[in-house]
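Down below is the structure, laid out as structure tokens.
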Amino acid sequence: MSSYAQVRPEQRTPLARYRHSLWLLTERDLRVRYSTSALGYFWSILDPLVMAGIYWFVFTQVFDRSVGDTPYIVFLLAALLPWMWFNGAVSDCTRAFLREAKLIRSTRIPRTIWVNRLVLSKGIEFLASLPVLVLFAVVYGAELSIDALFFPLAIVIQAMLTAGVGLLVAPLVVFFRDLERAVKLILRFLFYASPIIYGTTDLPPELHFWAAFNPLTGIFSLYRSAFFPEQLDWFTVVISAVMSFVFLGLGLLVFRRTERAVLKEI
């Protein structure tokens, strides 16, 4: 049987060509990002580690912590690491077309690839950072529960949400440049509005229902359930899955309707 590389481009299926192009661009992004870096891979874990260290110190050493579960550092990282994936991908998507304008105009590959490559590359960095979560879980004695089987489900839902938001933001920034700064402000607000440094159970009862409509709430609930089963809330998970699917559909719709105008604008 012939390998993929031996098959002529015109003989490959559209899906196979898409996957191949997506992987090549993602690989290029990762190589460029770390080729000139002395620390390389460690940069992908240093930022969340520093942030987790700061919040751990503030809430456990400075103040009498009344949020989250013990061990708090594991509780933090279980949501902070996927947040870095979402935050990094959406932030980069605001420049997805503007940064690669010449290359986008000169190639015929589907333009959604320029967004999905960012989602994939940040997702790979997230997966590469998971050993840090495992290490802290071992050191602090956090027990792995059977709910860890839901970890892949959380990844799938988050990938849909991130891709949907990215496909929505990327073309709109081309027409409204101020949207790039607005997205940064929204992400900063969303960090504190999402259960990262606290859990959903720490919120007042009257806010539990409304918190579910933040799609990250159910996603983080799935991640955390691997070590903290009591954090799993299927109501928020279902809402997150539905909203992620809606964002993906809306993102594809906006992307397709603005694609020609974007190519003219850049």
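Side chains included, hydrogens not; waters and symmetry mates left out as well; all remaining heavy atoms used.
A donor-acceptor distance shorter than 3.5 angstrom exists from the side chain of S225 to the backbone of L222, with no hydrogens or angles considered. One N or O on the side chain of W85 and one on the backbone of V119 form a donor-acceptor pair closer than 3.5 Å. Between the R260 side chain and the R257 main chain, no donor and acceptor come within less than 3.5 Å of each other. With hydrogens and angles disregarded, no donor-acceptor distance shorter than 3.5 Å links the side chain of N87 to the backbone of M84. With T258 contributing its side chain and A261 its backbone, the two residues share no donor-acceptor pair below 3.5 Å. A side-chain donor-acceptor contact under 3.5 Å links R117 to the backbone of W114.
The salt bridge (charged side-chain N to carboxylate O under 4.0 Å, His left out) contacts involving residues 74-99 comprise D92-K122, R95-E180, where partners must be two or more places apart or lie in separate chains. Each side-chain hydrogen bond (donor to acceptor under 3.5 Å, both in side chains) pair with one or both residues in residues 207-221, not counting sequence neighbours, appears once here: S194-N214. Here side-chain hydrogen bond (donor to acceptor under 3.5 Å, both in side chains) pairs that include residues 133-146, with residues two or more places apart or in two chains, number zero. Screening residues 154-193 for ring-ring contact (aromatic ring centres under 6.0 Å, His included) gives Y55-F191, W83-F191 as the qualifying pairs, with residues at least two apart or on separate chains.
The hydrophobic clustering, which links ILVMFWY residues whose side-chain heavy atoms are closer than 4.5 Å, places L216 and L185 apart. When the side chains of ILVMFWY residues are joined at heavy-atom separations under 4.5 Å, either directly or via intervening members, L80 and V58 end up in a single hydrophobic cluster. A single hydrophobic cluster is not seen to contain both L15 and L24; linkage of ILVMFWY side chains at heavy-atom distances under 4.5 Å, directly or through other members, places them apart.
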Go through it in stages, so that I can follow the logic: the residues are F86 and I219, the test is side chain to side chain contact (heavy atoms under 4.5 Å, CB included), and I'd like the CA-CA distance, side-chain angles, deciding distance and then a yes or no.
CA-CA 11 Å; F86 178 80; I219 294 172; over 6 Å; no
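The hydrophobic side chain of I186 is isolated, with no ILVMFWY side chain under 4.5 Å apart from it. Members clustered with V134: V138, by chain and number, using a 4.5 Å side-chain heavy-atom cutoff among hydrophobic residues.
Residues satisfying the ring pair (Phe, Tyr, Trp, His ring centres under 6.0 Å) criterion with F57, sequence neighbours excluded, are absent altogether. Checked against salt bridge (charged side-chain N to carboxylate O under 4.0 Å, His left out), R28 has the following partners two or more places apart in sequence or in another chain: E100. Scanning for salt bridge (charged side-chain N to carboxylate O under 4.0 Å, His left out) contacts around E259 gives R111, with sequence neighbours left out. With sequence neighbours excluded, no residue forms a salt bridge (charged side-chain N to carboxylate O under 4.0 Å, His left out) with R224.
Classification of the F235-F209 ring pair by plane angle, with boundaries at 30° and 60°, yields parallel.
In plain terms, the two heavy atoms of F227 and A137 that are nearest each other are CE2-CB, 3.5 Å. Taking all atoms of both residues into account, the shortest heavy-atom contact from I196 to F75 is O-CE2, 4.2 Å. Scanning all heavy atoms of the two residues, the minimum distance from A52 to L76 falls at O-CD1, 3.5 Å. The two atoms that bring A96 and L118 nearest to each other are CB-CD1, 3.9 Å, heavy atoms only.
In this structure, L263 and I104 have side chains that are in contact, with non-hydrogen atoms separated by less than 4.5 Å. Taking the side chain as every heavy atom from C-beta outward, V139 and I73 never approach each other to under 4.5 Å. Side-chain atoms of W23 and E27, non-hydrogen and from C-beta on, do get closer than 4.5 Å to each other.
Within the model, atoms CH2 of W234 and CD1 of I239 stand 13.5 Å from one another, a figure rounded to the nearest 0.5 Å. Taken to the nearest 0.5 Å, the CG atom of L203 stands 5.5 Å off from the OH atom of Y198. Summarising the geometry, atom CG belonging to L49 is positioned 11.0 Å from atom CD1 belonging to I54; distances are rounded to the nearest 0.5 Å. Summarising the geometry, atom CG belonging to L30 is positioned 8.0 Å from atom CG belonging to L120; distances are rounded to the nearest 0.5 Å. Between F136 atom CZ and Y72 atom OH the span is 14.0 Å, to the nearest 0.5 Å. In this structure, the separation between CD on Q231 and CG on D233 is 9.5 Å, given to the nearest 0.5 Å.
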Would you give me the side-chain donor-acceptor pairs under 3.5 Å for residues 240-255, sequence neighbours excluded?
{"residue": "S240", "atom": "OG", "partner": "P215", "partner atom": "O", "Å": "2.7"}
{"residue": "S240", "atom": "OG", "partner": "G218", "partner atom": "N", "Å": "3.0"}
{"residue": "S240", "atom": "OG", "partner": "T236", "partner atom": "O", "Å": "2.9"}
{"residue": "S244", "atom": "OG", "partner": "S240", "partner atom": "O", "Å": "2.7"}

With a 3.5 Å cut-off and sequence neighbours excluded, list the donor-acceptor pairs that the side chains of residues 146-173 form with protein atoms.
{"residue": "Q158", "atom": "OE1", "partner": "Y223", "partner atom": "OH", "Å": "2.9"}
{"residue": "Q158", "atom": "NE2", "partner": "P82", "partner atom": "O", "Å": "2.7"}
{"residue": "T162", "atom": "OG1", "partner": "Q158", "partner atom": "O", "Å": "2.7"}

